[in-house]
Each structure stands twice: as structure tokens, then as C-alpha cells.
Amino acid sequence: MARVVLTPNLSQLAGGETEVELTASTIRQLLRELGDRYPELKPHLDEGVAVAIDGQIYQDAWLEPVPPESEVHLLPQIAGG
């Protein structure tokens, strides 16, 4: 299972949980499972977040694999210019 670390503002929407363990094969599946588990969190996930898996940041990489036993951090989406 991947360990998902939530920032304080996202944690408030997840019932105060700061870490969640999920089994997901891709980033898309991970975000769907988080949204299903915490409905108040879903709109914020739909707005867009960057996902860091074991220190590597991914943005809009929905099919990127999430290895078991990885550490995942959700970050505000990174704007480009």
C-alpha cells in the first residue's frame, strides 16, 4: 500500500487525517480512491493537484504507476509560464 501524506489544508477536508494508506496502480486511481473515501476532498482533487511519488513530482500524469510501499505527497498544482 502507498502512504499518502496530506497537507494541513487537505487534511481538514479528510476528517483530520494527515496520512492515508491506499492501494492504487496509477495516480488517477489513487485520486479517485481518495475522493471516494473523503467526498469533501474530491472537489479540490478535481481542481488539480501535483503528485510527488518518492520525491518525483508529476503533474497531469494520470497513468503514472504508483509503486506499492511508495510515499505520495499531494501538492498545489504547479503553474507554468
Side-chain angles (χ1 to χ4, degrees):
M1 290 186 147
R3 184 173 67 123
V4 181
V5 179
L6 301 174
T7 59
N9 60 335
L10 295 179
S11 173
Q12 292 175 3
L13 301 170
E17 296 288 334
T18 57
E19 292 184 9
V20 179
E21 288 196 357
L22 293 174
T23 301
S25 59
T26 64
I27 289 175
R28 177 179 285 161
Q29 184 181 16
L30 183 136
L31 294 177
R32 280 186 186 157
E33 289 186 31
L34 273 175
D36 289 346
R37 188 179 289 188
Y38 304 106
E40 289 183 36
L41 191 57
K42 187 174 181 353
H44 297 276
L45 300 175
D46 291 343
E47 287 175 6
V49 292
V51 178
I53 302 173
D54 296 328
Q56 177 68 42
I57 298 174
Y58 300 93
Q59 187 167 318
D60 298 328
W62 309 120
L63 301 179
E64 186 65 36
V66 178
E69 308 304 321
S70 59
E71 183 172 289
V72 178
H73 290 258
L74 300 183
L75 310 164
Q77 191 159 11
I78 301 165

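Positions are given from 1, in the same order as the sequence printed here. Just so it is clear, the model here is predicted, and its values are computed rather than measured.
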Sorted by chain and number, sequence neighbours left out, side chain to side chain donor-acceptor pair (under 3.5 Å) with His44 holds for none
Return the set of residues passing side-chain contact (heavy atoms from CB on, under 4.5 Å) with Pro67 (not counting sequence neighbours), or none when no residue passes. Ile53, Ser70
Interatomic distance, CD@Glu69 vs CG@Asp54, rounded to 0.5 Å, equals 10.5 Å
Could I get the full list of side chain to side chain donor-acceptor pair (under 3.5 Å) partners for Glu19, not counting sequence neighbours? Arg3
Which pairs, with at least one residue in residues 29-39 and sequence neighbours excluded, count as a salt bridge (charged side-chain N to carboxylate O under 4.0 Å, His left out)? none
What closest approach, in Å, do Ile27 and Val66 show between heavy atoms, and which atom pair accounts for it? N-CG2, 3.7 Å
Restricting to side chain to side chain donor-acceptor pair (under 3.5 Å), what partner residues turn up for Thr7, sequence neighbours left out? Asn9
Nearest 0.5 Å, please: how far is NE2 in His73 from CG in Leu6? 10.0 Å
Correct closest heavy-atom pair for Thr26 and Leu63 would be CG2-O, 3.8 Å
List for me each residue that meets side chain to side chain donor-acceptor pair (under 3.5 Å) alongside Thr18, sequence neighbours excluded, and say none if there are none. none
Sequence neighbours left out, what pairs pass salt bridge (charged side-chain N to carboxylate O under 4.0 Å, His left out) with at least one residue falling in residues 20-29? none
Search all heavy atoms of Leu75 against all heavy atoms of Ala52 and return the closest pair with its distance. CD1-CB, 4.1 Å
Considering all heavy atoms, the nearest Ala50-Ile57 contact: CB-CG2, 4.1 Å
Would a single hydrophobic cluster contain both Val4 and Trp62, if residues Ile, Leu, Val, Met, Phe, Trp and Tyr are joined by side-chain heavy-atom contacts under 4.5 Å? yes
Please name the pair of heavy atoms, one in Met1 and one in Thr23, separated by the smallest distance, quoted to 0.1 Å. CG-OG1, 3.3 Å
Looking at Val49, Leu41, Leu22, Asp46, which hits side chain to side chain contact (heavy atoms under 4.5 Å, CB included) with Leu31? Val49
Rounded distance (nearest 0.5 Å) linking atom CG of Leu74 with atom CG of Leu34: 6.0 Å
For a side chain to side chain contact (heavy atoms under 4.5 Å, CB included) check, start with the C-alpha distance between Tyr38 and Val20, then their side-chain angles and the critical distance, and finish with the verdict. CA-CA 11 Å; Tyr38 304 106; Val20 179; 3.7 Å; yes
